[in-house]
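These values consider heavy atoms only, across backbone and side chains, with no hydrogens, waters or symmetry-generated copies. Letters go in sequence order (proteins before strands), and every chain restarts at 1.
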Amino acid sequence: MLIEKTTLVSHSFKRSALKNKETDAESDFTTTTSRSCSYPLEETERRTFKTKEGKAITAHQWAVYDFVRTIPVGKVTTYKVVCSALGAGSPRSVGTALRNNPFAPFVPCHRVIASTGYIGGFFGEWNSPTNHAQRKQVQRKIELLNQEGVEFTDKGYLMGGKEIIWQETN
DNA sequence: GCCATGGCTAGTA
DNA sequence: GCCATGGCTAGTA
């Protein structure tokens with residue numbers, strides 16, 4: 001079989017969050033979470049893969065997803081670590097790949113933060129560290145990480161030591 | 001091809 | 001400054 005079949009475990013989202021009017025991205029995310037997801041591993045499958053918007057995924061994006069998949073629960077990594085580990089791309093190209101991640105949360109893009117320890121962005125939203133106005137998606141990213149035991153300050157910075165930053169390739 | 005656009009970062013101040 | 005994408009031409013066939 002060319003495809004790794006994976007049934008995603010439903011996260012226990014807070015009812016209050018689900019009750020609120022959901023943005024498109026949010027409802028997509030929720031739907032994806034409760035469904036099973038096929039993550040193609042074979043080159044041929046990957047070349048023909050189309051997102052539900054009909055878009056293809058580039059080789060670089062697949063490489064980013066493969067790496068991000070290996071980040072364990074309870075850890076995070078940074079955009080910089082990802083591109084260094086790949087030996088290609090830039091922190092920005094990693095961010096671009098992740099904002100379009102069609103495999104969330106199987107590919108746990110919420111576990112990638114800025115190298116300063118700042119929470120960074122989520123599905124196209126970005127909180128400025130200098131003016132930390134909470135955006136809804138980013139709030140959600142923090143909630144997801146909290147559920148995994150990773151905590152952030154009220155200014156949006158990672159709490160705890162460097163050991164929380166995942167560096168390995170598996 | 002060209003050019004603008006980012007979920008960034010290193011290096012100043 | 002970085003560099004992969006994506007939208008758009010221009011130029012070929």
Side-chain angles (χ1 to χ4, degrees), chain A residues 11 13 17 22-33 37 39-40 43 46-148 150-162 164-167 169:
Chain A
H11 288 272
F13 293 129
E22 293 173 355
T23 65
D24 285 350
E26 225 175 358
S27 63
D28 283 353
F29 187 82
T30 310
T31 307
T32 309
T33 308
C37 158
Y39 184 73
E43 211 33 57
R46 292 186 168 192
R47 269 197 295 268
T48 55
F49 184 91
K50 291 281 189 298
T51 66
K52 66 180 196 294
E53 295 83 21
K55 293 170 73 175
I57 292 171
T58 66
H60 179 254
Q61 288 169 166
W62 285 117
V64 171
Y65 300 154
D66 286 341
F67 182 84
V68 170
R69 266 215 308 152
T70 67
I71 308 167
V73 175
K75 304 273 185 184
V76 293
T77 194
T78 70
Y79 302 102
K80 184 192 174 178
V81 166
V82 176
C83 69
S84 304
L86 296 182
S90 69
R92 257 194 146 139
S93 68
V94 172
T96 301
L98 292 182
R99 76 177 292 170
N100 300 317
N101 171 23
F103 305 109
F106 177 65
V107 172
C109 48
H110 61 285
R111 296 186 196 138
V112 185
I113 67 174
S115 64
T116 55
Y118 189 65
I119 182 65
F122 200 43
F123 288 111
E125 282 186 3
W126 175 262
N127 279 0
S128 161
T130 52
N131 178 20
H132 182 69
Q134 284 278 13
R135 313 294 235 100
K136 206 169 178 192
Q137 293 297 322
V138 179
Q139 179 108 25
R140 180 141 186 65
K141 180 177 182 178
I142 294 176
E143 283 173 14
L144 286 169
L145 287 169
N146 286 346
Q147 288 169 24
E148 298 180 356
V150 180
E151 309 273 17
F152 289 82
T153 67
D154 55 359
K155 299 283 187 193
Y157 283 88
L158 179 67
M159 295 176 77
K162 289 262 188 207
I164 301 173
I165 309 284
W166 177 249
Q167 305 269 2
T169 51

- Query: With sugar-phosphate meaning primed atoms plus P, OP1 and OP2, does A:G124 contact a base, only sugar-phosphate, or nothing at under 4.0 Å between heavy atoms?
  - Reply: base

- Consider the side chain of A:K80, meaning its heavy atoms from C-beta on, and name the nucleotide among C:dC3, B:dA10, B:dC8 that approaches it most closely. B:dA10

- Nucleotide B:dT9, atom P - distance to CD1 of A:I165 in whole Å: 11 Å

- Quick one: which of B:dG6, C:dG6, B:dC8 gets closest to the side chain of A:T96? B:dG6

- Listed nucleotide nearest any side-chain atom of A:T58, set B:dC8, C:dT5, B:dT9: C:dT5

- Rounded to whole angstrom units, what separation is found between the CG atom of A:L86 and the P atom of C:dA4? 11 Å

- Task: Starting at atom CZ of A:F122, determine the distance to atom P of B:dC8, rounded to an integer number of angstrom.
- Result: 15 Å

- Message: Which residue is it: A:Y157, A:Y118, A:F152? I am looking for the one with a ring pair (Phe, Tyr, Trp, His ring centres under 6.0 Å) to A:H132.
- Response: A:Y118

- G-U wobble or Watson-Crick pairing nucleotide for B:dT5 (cut-off 3.5 Å, both distances): C:dA4

- Query: What does A:V138 touch in the nucleic acid at a heavy-atom separation under 4.0 angstrom: a base, only the sugar-phosphate, or nothing?
  - Reply: nothing

- Task: Ignoring the backbone of A:R92, work out which of B:dG6, C:dA4, B:dT9 is nearest its side chain.
- Result: B:dG6

- Task: Can you tell me the distance, in whole Å, between the CD atom of A:Q61 and the C1' atom of C:dT5?
- Result: 7 Å

- Query: When you measure from the side chain of A:P91, which nucleotide among C:dT5, B:dC8, C:dC3 comes out closest?
  - Reply: B:dC8

- Task: Look at A:S115 and B:dT9 and indicate whether a side-chain polar atom (N or O) is within less than 4.0 Å of OP1 or OP2.
- Result: yes

- Item | Interatomic distance, A:N101 CG vs C:dA4 C1' [rounded to whole Å] | 16 Å

- Within the structure, does a side-chain N or O atom of A:H60 lie under 4.0 Å from either OP1 or OP2 of C:dC3? no

- Query: Atom CZ of A:R135 and atom P of B:dG6: how far apart are they, to the nearest Å?
  - Reply: 13 Å

- Give the minimum heavy-atom separation between A:V81 and A:T78, together with the two atoms involved. N-OG1, 3.0 Å

- Would one find more than 12 heavy atoms of other residues, nucleotides or ligands at under 6.0 Å from atom NZ of A:K50? yes

- Note on the structure: The residue, A:S90 or A:V81, whose nearest nucleotide of DNA chain B is more 5′ is A:S90

- Under a 3.5 Å cut-off for both distances, is B:dA10 Watson-Crick or wobble paired, and to whom? none

- Note on the structure: Residues A:H60 and A:V94: closest non-hydrogen pair is CE1-N, 4.3 Å

- Message: If you apply the rule salt bridge (Lys or Arg N to Asp or Glu O under 4.0 Å), what do you find for A:E148 with A:K75, and how did you get there?
- Response: CA-CA 8 Å; A:E148 298 180 356; A:K75 304 273 185 184; over 6 Å; no

- Nearest whole angstrom, please: distance from the C1' of C:dG6 to the NZ of A:K55. 8 Å

